[in-house]
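Since we're looking at a predicted model, the values are computed, not measured.
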Amino acid sequence: MALKLFRANQKLKESEEKFMKAFHFTPTPMAIHDFSNRNVFVDCNKAFESIIGYSKDEIIGKTALELGLYVNLEERNEFLNILKEQGFVRNFRNTLKTKAGKELIRYLSLSQMTISNKEHIFSVQTESPIEFFDK
């Protein structure tokens, strides 16, 4: 029994390590938000930092609203409603404002996920719509 538990823990650690490496080293901007706590950022990758112009230290613990990332709050409300209804959002076209004030058109994909028994949102931003193959 102890050996099975040890192996299960090893597999879990390996899975977490794979996810974190993929998350942090991909050139696609990604972030994780705490859905149960006003959608504050709990993690982001370098690509996300680069695209919005804020450092990770400036991002973590803040919301996108607090950082002023939204140009149009109605877009935010719309994709949050879709997320609540479906549990995910795919290729939502929105306008993002960087720290420097530059406006960027991005395609936002969101998915709900559970981390440590708390609801989180995994977000991905792309320059153009991406094709999903699970339809």
**Q** Counting only N and O atoms by type, is there a donor-acceptor contact under 3.5 Å from the side chain of S109 to the main-chain atoms of N91?
**A**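 Pair found, side chain donor or acceptor close to backbone of N91.
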**Q** Treat each ILVMFWY residue as a node, draw an edge where side-chain heavy atoms are under 4.5 Å apart, and state whether L104 and V124 are in one component.
**A**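 As far as the 4.5 Å side-chain criterion goes, V124 and L104 are not connected within one cluster.
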**Q** State, with a plain yes or no, whether a side-chain heavy atom of K97 is found less than 4.5 Å away from one of L67.
**A** no
**Q** In terms of hydrophobic clusters joined by side-chain contacts under 4.5 Å, are I32 and F35 together?
**A**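 I32 does not cluster with F35.
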**Q** Does N45 reach the main-chain N or O of T28 with its side chain, forming a donor-acceptor pair under 3.5 Å?
**A** yes
**Q** Would E17 and K21 count as a salt bridge (charged side-chain N to carboxylate O under 4.0 Å, His left out) here? Give the steps.
**A** CA-CA 6 Å; E17 184 177 340; K21 282 184 179 179; 3.1 Å; yes
**Q** Taking all non-hydrogen atoms of both residues into account, name the closest pair between K99 and G53 and its distance.
**A**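 Of all heavy-atom pairs spanning K99 and G53, the closest is CD-O, 3.3 Å.
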**Q** Count the heavy atoms of every other residue, nucleotide or ligand shown that sit under 6.0 Å from NZ of K56, and state whether that count exceeds 12.
**A**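 Enclosed.
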**Q** Could you tell me the separation between the CD atom of Q86 and the CG atom of N81, rounded to the nearest 0.5 Å?
**A**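 Those atoms lie 11.0 Å apart.
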**Q** Measuring only between side-chain heavy atoms, which start at C-beta, is H120 closer than 4.5 Å to Q112?
**A** no
**Q** So how far is it from M30 CE to D43 CG, rounded to the nearest 0.5 Å?
**A**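 With rounding to 0.5 Å, CE (M30) is 11.5 Å from CG (D43).
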**Q** Could you tell me whether the side chain of N37 and the main chain of V40 form a donor-acceptor pair under 3.5 Å?
**A**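 The answer is no, because no donor-acceptor pair under 3.5 Å joins these two groups.
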**Q** Is there a continuous path of hydrophobic side-chain contacts, each under 4.5 Å between heavy atoms, that joins M20 to M113?
**A**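 Yes, it is one cluster - the side chains of M20 and M113 are joined through contacts under 4.5 Å.
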**Q** Can a donor-acceptor pair be found, under 3.5 Å and without considering hydrogens, that links the side chain of Y70 to the backbone of R76?
**A**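 Here the side-chain-to-backbone pair does not exist.
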**Q** Search all heavy atoms of S123 against all heavy atoms of H33 and return the closest pair with its distance.
**A**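 Taking every non-hydrogen atom into account, OG-NE2, 3.0 Å.
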**Q** Nearest heavy-atom pair of A47 and P27: which atoms, and what distance?
**A**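 Smallest interatomic distance, heavy atoms only, reads CB-O, 3.4 Å.
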**Q** Shared ILVMFWY cluster between L110 and F122, side chains joined below 4.5 angstrom?
**A**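 No, L110 and F122 fall in different hydrophobic clusters.
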**Q** With rounding to the nearest 0.5 Å, note down the distance linking SG in C44 to NE2 in H24.
**A**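 Output value for this atom pair is 8.0 Å.
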**Q** Do L108 and E75 have side-chain heavy atoms sitting under 4.5 Å apart?
**A** no
**Q** Are F19 and F88 in one and the same hydrophobic cluster, where Ile, Leu, Val, Met, Phe, Trp and Tyr link if side-chain heavy atoms are under 4.5 Å apart?
**A**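 No, no single cluster joins them.
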**Q** Please name the pair of heavy atoms, one in T98 and one in I51, separated by the smallest distance, quoted to 0.1 Å.
**A**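 The pair with the smallest heavy-atom distance is CG2-O, 3.3 Å.
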**Q** So for atom CD, which belongs to E127, do other residues, nucleotides or ligands contribute more than 12 heavy atoms lying within a distance under 6.0 Å?
**A**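 Count not over threshold, so no.
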**Q** Counting C-beta onward and ignoring hydrogens, is there a side-chain heavy-atom pair between Q125 and N94 closer than 4.5 Å?
**A**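 A side-chain contact under 4.5 Å is absent here.
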**Q** Hey, what do you get for OG (S128) to CZ (R93), rounding to the nearest 0.5 Å?
**A** 12.0 Å
**Q** Answer yes or no: is there a donor N or O on one side and an acceptor on the other, between the side chain of E119 and the main chain of S36, under 3.5 Å?
**A** no
**Q** Is it true that, when you exclude Q10 itself, more than 12 heavy atoms of the residues, nucleotides or ligands shown sit nearer than 6.0 Å to its CD?
**A**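 For Q10, atom CD is crowded (more than 12 foreign heavy atoms under 6.0 Å).
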**Q** Do N39 and L80 have side chains that get closer than 4.5 Å, going by heavy atoms?
**A**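 Sidechains of L80 and N39: in contact.
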**Q** Would a 4.5 Å heavy-atom cut-off, applied to side chains only, mark I115 and D34 as touching?
**A** no
**Q** Look at the rings of F41 and F48 and say which category their plane angle falls in: under 30° parallel, 30 to 60° tilted, over 60° perpendicular.
**A**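 F41 vs F48 ring planes: tilted.
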